[in-house]
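What follows is a set of notes on a single structure, which appears directly below.
Just follow the structure's listing: the first ligand is 1, and inside any ligand the first atom is 1. Quantities reported herein were computed from a predicted structural model and do not represent experimental measurements.
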Amino acid sequence: MSASPPLALGVLVSGSGTNLQAILDASASGRIPVAVKVVISNRPKAGGLDRARAAGVPAVALSHRAFDGREAFEEALIGVLRDHGARWVALAGFMRLLTPHFLRAFPDSVVNIHPALLPSFPGTHGPRQALDYGARWSGCTVHFVDEGTDTGPIIAQAVVPVLPTDDEESLARRILVQEHRIYPWALSLLALGRVRREGRRVLIEGYEGASLASWINPPPPDGR
Ligand code: GRF
């Protein structure tokens with residue numbers, strides 16, 4: 001593990017939290033210098049809260065329904081994150097849109113994972129959109145969150161093929177495996193201070209592009 005101070009992270013979830021689990025596991029094993037300070041869910045029954053508790057991380061349910069409007073809900077989120085010392089925020093299957101009010105409280109410090117190769121197929125049902133469109137490749141994207149829907153600068157992406165036999169579930173599963181790899185990895189790059197933004201482009205210190213590999217789907221006979 002590196003000598004950098006751990007990234008003090010709050011994670012927002014709405015569902016089962018398998019990405020959260022990947023982050024918790026990578027953090028607990030010392031593979032990434034990230035400390036998960038608190039997990040918050042807008043759905044009190046979200047599996048992500050159980051995963052947090054099992055890992056000994058504070059788990060807070062904040063139902064958006066209990067608040068009078070978006071800003072009041074976001075104020076509560078900001079309060080809980082600050083109370084637990086979170087300096088960065090990772091959205092991991094968090095199904096509420098965040099407004100500029102929230103983003104101003106954590107400037108350039110909110111990231112998200114999306115199950116598509118952005119800028120294609122933002123919003124909900126990324127795998128289904130890729131299938132319906134007939135895309136040959138899909139994947140996942142870790143990006144900074146800005147005021148749009150899945151429009152922020154891209155930190156990392158992983159690519160998977162769309163196979164002729166795929167349905168939404170099989171494609172989503174193939175993508176999810178890669179999500180669990182790139183989210184902890186992207187967070188560790190942030191923790192190590194290797195991520196620099198230049199407008200829309202995100203530069204990774206020490207990475208100049210080692211591989212010039214390319215892939216074709218369906219593959220030509222020589223397989224490349
Ligand atoms: C993932 O597909 C993620 O990309 C999307 O929501 C899903 C969350 O899955 N934003 P999980 O709760 O991490 O299992």
Side-chain angles (χ1 to χ4, degrees), residues 9-28 31-32 34 36 38-55 57 59-64 77 88-98 102-103 106 109-133 135 137-162 166-188 190:
L9 187 71
V11 184
L12 307 189
V13 299
S14 298
S16 84
T18 64
N19 276 288
L20 165 67
Q21 190 68 56
I23 295 166
L24 289 169
D25 291 348
S27 163
R31 274 186 289 129
I32 63 172
V34 169
V36 181
V38 63
V39 173
I40 308 175
S41 175
N42 63 313
R43 296 210 177 115
K45 291 193 177 141
L49 291 175
D50 297 327
R51 293 178 190 273
R53 287 184 203 105
V57 169
V60 178
L62 269 187
S63 172
H64 53 279
L77 284 178
W88 282 77
V89 180
L91 311 182
F94 185 64
M95 300 306 285
R96 306 293 301 169
L97 289 178
L98 294 170
F102 182 91
L103 297 176
F106 292 92
S109 309
V110 183
V111 293
N112 180 42
I113 186 145
H114 180 73
L117 284 180
L118 293 173
S120 294
F121 313 131
T124 53
H125 306 298
R128 190 194 302 167
Q129 289 189 63
L131 267 180
D132 289 350
Y133 191 89
W137 298 99
S138 184
C140 47
T141 304
V142 178
H143 63 94
F144 285 104
V145 175
D146 67 8
E147 294 170 17
T149 300
D150 303 322
T151 53
I154 291 170
I155 303 169
Q157 292 185 306
V159 178
V160 303
V162 180
D166 271 333
D167 57 16
E168 183 181 355
E169 199 190 317
S170 64
L171 179 58
R173 226 181 300 121
R174 188 172 311 119
I175 293 170
L176 197 60
V177 171
Q178 300 308 317
E179 293 185 34
H180 298 163
R181 297 177 68 201
I182 67 166
Y183 213 177
W185 165 230
L187 290 169
S188 78
L190 290 165

Checklist entry - Hey, which atoms in ligand 1 end up nearer than 4.0 Å to a heavy atom of Thr18? => result 11 (P), 12 (O), 13 (O), 14 (O)
Next on the checklist: To check your reading of the model: name the closest protein heavy atom to atom 12 (O) of ligand 1, its residue, and the distance in Å.
Outcome noted: Gly17 N, 2.8 Å
Next on the checklist: Looking at Arg53, I'd like to know if its CZ atom is crowded, meaning that more than 12 non-hydrogen atoms belonging to other residues, nucleotides or ligands lie closer than 6.0 Å.
Outcome noted: yes
Item to check | pair Leu190-Phe144: side-chain heavy atoms closer than 4.5 Å | outcome: yes
Checklist entry - Which residue holds the protein heavy atom closest to atom 13 (O) of ligand 1, what is that atom called, and what is the gap in Å? => result Asn19 N, 2.8 Å
Next on the checklist: Is Ser16 close enough to touch ligand 1? Criterion: a residue heavy atom under 4.0 Å from a ligand atom.
Outcome noted: yes
Item to check | Close-contact set for ligand 1 against Pro115 heavy atoms, below 4.0 Å | outcome: 2 (O), 4 (O), 5 (C)
Checklist outcome for this item: Between the OG atom in Ser170 and the CD1 atom in Ile175, the distance rounded to the nearest 0.5 Å is 9.5 Å
Item to check | For atom 10 (N) of ligand 1, closest protein heavy-atom neighbour | outcome: Ile113 O, 3.0 Å
Item to check | Between OG on residue Ser41 and CG on residue Leu12, distance to nearest 0.5 Å | outcome: 9.0 Å
Item to check | atom 6 (O) of ligand 1: nearest protein contact (heavy atom, Å) | outcome: Gly93 CA, 3.4 Å
Checklist outcome for this item: for atom 3 (C) of ligand 1, nearest protein heavy atom and its distance come out as Glu179 OE1, 3.1 Å
Item to check | Leu118 side chain near Thr151 side chain, heavy-atom distance below 4.5 Å | outcome: no
Next on the checklist: I'd like to check Ile155 versus Ile182 (side-chain heavy atoms, cut-off strictly below 4.5 Å). Are they in contact?
Outcome noted: no
